[in-house]
Structures are given as C-alpha cells and as structure tokens.
Amino acid sequence: MALTSIQVIAFGMIAEKIKTKELVLEYMPDTEVLLGYLYQQYPDLQHTKFSIAINKKMAVGKTAIPVGAEVALLPPFSGG
Amino acid sequence: MALTSIQVIAFGMIAEKIKTKELVLEYMPDTEVLLGYLYQQYPDLQHTKFSIAINKKMAVGKTAIPVGAEVALLPPFSGG
Amino acid sequence: METKRSPKNIFVQGPISPESIAKSIANHSTKTDIGGHSIFLGQVRADEKEGGKVTAIEYTAYEDMALEKAFEIREAIFAKYPLSCMHIYHSLGEVKVGEICLFVFTSSKHRKAAIDACEELVERIKKEVPVWGKELIDNDGSVWKENL
Amino acid sequence: METKRSPKNIFVQGPISPESIAKSIANHSTKTDIGGHSIFLGQVRADEKEGGKVTAIEYTAYEDMALEKAFEIREAIFAKYPLSCMHIYHSLGEVKVGEICLFVFTSSKHRKAAIDACEELVERIKKEVPVWGKELIDNDGSVWKENL
C-alpha cells in the first residue's frame with residue numbers, strides 16, 4: 001500500500017451496503033473529506049448510522065487521518 | 001404434647017447456648033413472658049441477639065402465642 | 001382443603017457442583033424467549049479468624065420456615081420483574097473452602113430484569129431466610145457467621 | 001520498546017457451552033479469598049421478525065479493536081472494583097437460538113463488587129466493543145441487530 005493511499009475496512013451492515021469489506025482510496029486528510037467521498041460514492045450511506053475508527057480509536061467529529069492509518073467504518077454495535 | 005404446653009425449637013448459636021434444640025415449656029401467653037422466662041433460665045441469652053418466630057412468621061415486639069404454636073428462637077441469619 | 005402452589009425445595013446436601021450449574025444452564029436452551037441469564041454463586045472463603053483459618057462452613061436451617069420464606073420471596077420477585085425463570089439452591093451440611101454454597105439463577109427476555117432480580121434475590125435470601133453458617137476453623141474451633 | 005499487558009482473546013468460535021462455563025467456575029475453587037461470583041450469560045432469542053422467526057445470530061467483529069477495547073474496559077473495571085477475577089467470552093460465527101453467545105464472569109471477596117462489576121461490564125461490552133450480530137430468519141432473510 002502506497003503511503004499516499006488510505007486503507008478503509010468496513011463491517012456489518014456497512015460492508016453489505018458498499019458491497020466490500022475493504023477499500024483502498026487516495027489519501028484524504030480528515031474524516032470530513034472521507035465522509036464527503038463516501039456519501040458521494042455510496043449515497044445509501046447517507047441514511048445509515050455508522051462511526052469511523054482511526055487506528056482502532058473512535059473518531060468523534062472532524063478528525064485528522066494520519067498517513068498509513070487504518071480507517072474503519074463501524075455500524076452500531078450489537079454484541080452480546 | 002399437651003395443649004397447655006408450648007414447643008420451643010432453637011437454632012444455631014442459641015441452641016448451643018441453651019444446650020438443646022428443643023424445649024417443652026408450660027404454656028405462656030406471649031413473647032414477653034417467654035423472653036422473661038428464657039432470660040431467667042439462660043442468663044447468657046440476655047447478651048445474645050435473636051428473634052422469635054411463631055408458626056414460622058417473625059414475631060415483632062410483644063406477640064401473642066397461640067395454643068399449640070411452634071415457637072422458634074432464631075439467631076441472626078448467615079446463609080449464602 | 002386449601003389448594004396453593006407449594007414451596008419448592010431449595011436445599012442441597014453439601015456443596016453445589018459446577019456440573020449441576022452447567023446442567024441447570026443447559027436446561028434453559030429450549031426456552032427460546034430468554035435473552036439473558038444472571039447468576040450469583042456464593043463460595044466459602046478461607047478467612048483468617050482468631051486462632052486459625054476457616055476450612056469449611058457447616059450450614060443448618062429452620063427448613064420449613066426457610067422454604068416458606070424462599071417461596072414468599074420468589075413470588076414477590078416474580079411479581080416485580082418480568083422473569084422467565086428463577087432458581088435458588090442453598091447448601092446444608094458441610095461446604096469446604098473454595099466450594100459453592102449458594103446458587104441463584106434468574107432469566108428474562110432482556111438482561112435488565114434478570115440482573116436486577118438476581119441481585120435483589122441474593123440480598124433477600126441472605127437477610128430473610130433462616131439459614132446459619134458455622135465457620136469451622138483449622139484449630140478445631142468454630143465461629144458463627146453473621147451476614148452484614 | 002514499550003512493555004505493557006497485552007489484550008487477552010475474548011472470542012470463541014460458535015456457541016459457549018455450559019460445560020465450558022462449569023469448567024471456568026471450577027477453576028476458581030483454589031482461589032479461597034473469593035466469596036462471591038457474578039455471571040451474566042447472553043442467550044440467542046427466537047424473536048419474531050417481519051417475515052419469520054430468528055433461528056440464529058451470526059456474529060462478526062472488528063477483532064483487533066474489540067480486543068483492545070475489551071482490555072481497556074477490563075483494566076478500568078479492575079481499577080474501580082476490588083475484584084479477584086474477571087473473564088469475558090463472546091461468540092463469533094453462528095450461534096443458534098437457545099445457545100449462549102456471551103459469558104461475563106466476575107469474582108470478589110464480598111458479593112457487592114462482583115455483582116456491580118458484572119453489570120457494568122455487560123453494559124460496557126454491549127455499548128463499546130465492535131461486535132455485530134446478524135439475526136438469521138427462517139425465511140432465509142436476515143436483520144442486523146442493534147443494541148438498545
């Protein structure tokens with residue numbers, strides 16, 4: 001994976017909606033730019049509740065995406 | 001057991017202190033008279049916490065003892 | 001003749017085995033409206049006492065009254081919480097250190113009822129059911145337990 | 001190099017068996033400072049859904065993050081309550097109706113800490129650990145669960 005790309009993994013209902021568990025995208029500086037791209041590319045996600053984790057930590061609001069970060073799209077949890 | 005007698009059963013520490021699990025006493029009309037007798041007969045009980053149950057119900061304060069009742073002397077519970 | 005639901009036995013001679021707990025859990029797999037189980041287990045501790053260490057607890061009970069009281073508590077908890085199942089087991093006789101002496105088990109559709117009911121059951125059993133534990137000490141002495 | 005305690009695995013493939021729960025309980029008999037165990041078990045319900053009935057739940061997780069999160073919760077609960085032991089097991093893959101998918105187990109000297117810690121653990125696991133359950137319906141459909 002090039003340092004100028006960004007790896008996005010998706011789970012549960014989000015993986016179903018975007019029809020893949022993994023995306024490799026051009027680098028994006030923060031979660032707002034990423035969301036803009038996702039909503040454009042997968043309009044269905046606009047009506048779907050999900051969170052973004054960066055390097056396994058929940059990102060709240062606009063959050064910078066470090067180069068080489070692992071970005072995850074997480075629908076509401078339903079363990080237990 | 002004659003109708004004019006009263007059966008008293010004792011448990012745990014109380015049975016140990018009065019050195020028996022069962023007493024048959026002359027009929028007594030209420031728990032105050034019974035306590036008076038017990039404190040007289042077994043002075044050790046004056047310094048021991050216990051409750052009285054009449055026909056398997058806890059007796060609170062001065063309580064009448066029905067003829068033929070089962071009277072029990074119960075030290076503090078310690079199940080579990 | 002009076003007809004009424006009669007008290008279930010709650011007493012087990014000696015310790016409660018982990019296998020009997022597993023069996024009790026497995027028995028609920030056919031109850032497919034259950035979403036959560038809450039279990040409390042009392043275990044005998046090797047407490048330090050004056051003169052030695054606890055090696056076992058010897059349990060006795062006013063059995064008739066204990067079963068009536070357990071039944072009364074059971075009915076009250078069933079009335080208060082939407083439970084599917086409730087089970088209470090208490091040891092009588094000797095239970096050694098590290099062994100289980102109390103097994104309280106509640107089940108419900110959603111977790112909250114099972115969890116709250118289990119906690120309340122444990123508190124009420126300890127407070128209201130006439131059972132006594134005598135701690136046996138390794139110097140051959142003994143101490144009567146008292147619940148806090 | 002950073003040294004730190006590393007996350008323990010909490011995941012079990014398929015259902016959690018009553019036998020493994022019994023084994024886990026039995027393993028604590030040597031810990032003679034324990035006076036109370038609190039256990040929560042999640043069981044898969046045969047809920048009615050549009051179009052049919054739930055027959056199983058298929059669990060997936062963001063495993064690396066889930067283990068980190070479970071570890072973080074574990075450390076926080078250990079810091080908050082005087083516990084002797086804490087165990088968390090969660091199923092991955094298919095768990096059929098009536099089977100156990102979550103096993104949370106806390107132990108302490110006195111009952112209160114074990115009971116309170118167990119309840120808090122269950123709440124935090126459901127809310128914070130990235131696990132997803134897909135309810136499989138008997139008409140071959142499916143519904144993503146959402147924790148309340």
Side-chain angles (χ1 to χ4, degrees), chain C residues 15-48 53-55 57 84 96-112 114-116 118-123 125-126 145 147-148, chain D residues 15-48 53-57 84 96-112 114-116 118-120 122-123 125-126 145 147-148:
Chain C
I16 295 161
S17 70
E19 293 70 33
S20 69
I21 297 167
K23 211 178 145 196
S24 192
I25 294 168
N27 283 343
H28 291 75
S29 66
T30 53
K31 306 211 170 181
T32 59
D33 58 328
I34 292 175
H37 303 288
S38 187
I39 292 175
F40 178 81
L41 303 174
Q43 180 169 305
V44 175
R45 277 198 316 269
D47 279 0
E48 297 286 348
K53 210 171 190 174
V54 172
T55 58
I57 294 180
S84 307
K96 292 193 175 58
V97 151
E99 292 181 328
I100 306 292
C101 55
L102 174 63
F103 171 27
V104 176
F105 186 9
T106 54
S107 309
S108 56
K109 185 167 184 188
H110 299 288
R111 65 187 179 281
K112 187 90 182 117
I115 290 172
D116 291 350
C118 187
E119 179 168 8
E120 191 168 329
L121 257 177
V122 171
E123 295 306 317
I125 289 164
K126 293 207 165 225
K145 260 185 84 192
N147 283 345
L148 303 178
Chain D
I16 295 161
S17 71
E19 293 70 32
S20 69
I21 296 167
K23 212 179 144 197
S24 191
I25 294 168
N27 283 343
H28 290 75
S29 66
T30 51
K31 305 209 171 182
T32 58
D33 59 328
I34 292 175
H37 304 287
S38 186
I39 292 174
F40 178 81
L41 303 174
Q43 181 168 305
V44 174
R45 280 197 316 268
D47 280 0
E48 296 286 347
K53 210 173 193 173
V54 173
T55 59
I57 295 180
S84 308
K96 292 192 174 60
V97 151
E99 293 180 329
I100 307 292
C101 55
L102 173 63
F103 171 28
V104 176
F105 186 9
T106 53
S107 310
S108 56
K109 185 167 184 187
H110 299 288
R111 66 187 178 282
K112 187 89 181 117
I115 290 172
D116 291 350
C118 188
E119 178 167 12
E120 191 169 329
V122 171
E123 296 307 318
I125 289 165
K126 293 210 164 224
K145 263 184 82 193
N147 283 345
L148 303 176

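To find a chain, count down the sequence lines: A is the first, B the second, and so on, and within it residues start at 1.
- Nearest heavy atom pair, residue D:Ala26 against residue C:Pro18, reads CB-CG, 3.8 Å.
- For the options C:Cys118, C:Gly35, C:Ala114, heavy-atom pairs under 4.5 Å to chain D are most numerous at C:Gly35.
- For D:Val54, no part lies near chain C; criterion is any non-hydrogen pair under 4.5 Å.
- Looking at D:Ile100, only its side chain comes within 4.5 Å of chain C, counting heavy atoms on both sides.
- When every heavy atom of C:Ser29 is checked against every heavy atom of D:Gln43, the shortest pair comes out as CA-NE2, 4.2 Å.
- Considering only residues two or more places apart in sequence or on other chains, C:Lys112 meets the salt bridge (charged side-chain N to carboxylate O under 4.0 Å, His left out) condition with C:Asp116, D:Glu119.
- A distance of 6.0 Å separates CD of C:Glu123 from CD1 of D:Ile115, quoted to the nearest 0.5 Å.
- To the nearest 0.5 Å, the span separating CD1 on C:Ile21 from CD1 on D:Ile21 amounts to 10.5 Å.
- Take C:Thr32 and apply the side-chain contact (heavy atoms from CB on, under 4.5 Å) test, not counting sequence neighbours, and it matches D:Ala46, D:Val97.
- At a 4.5 Å heavy-atom cutoff, the contact between D:Lys126 and chain C is made by side-chain atoms alone.
- Of all the heavy atoms in D:Ile34 and C:Arg45, the pair that sits closest is O-CG, 3.2 Å.
- The greatest number of non-hydrogen atom pairs below 4.5 Å with chain D, out of C:Lys96, C:Lys109, C:Lys23, C:Lys31, is found for C:Lys109.
- Residue contact with chain D, scored on non-hydrogen atoms closer than 4.5 Å, is absent for C:Val104.
- With a threshold of 4.5 angstrom between heavy atoms, D:Thr30 does not approach chain C through any atom at all.
- Between the CD atom in D:Glu48 and the CG atom in C:Asp33 there is a gap of 11.5 Å [rounded to 0.5 Å].
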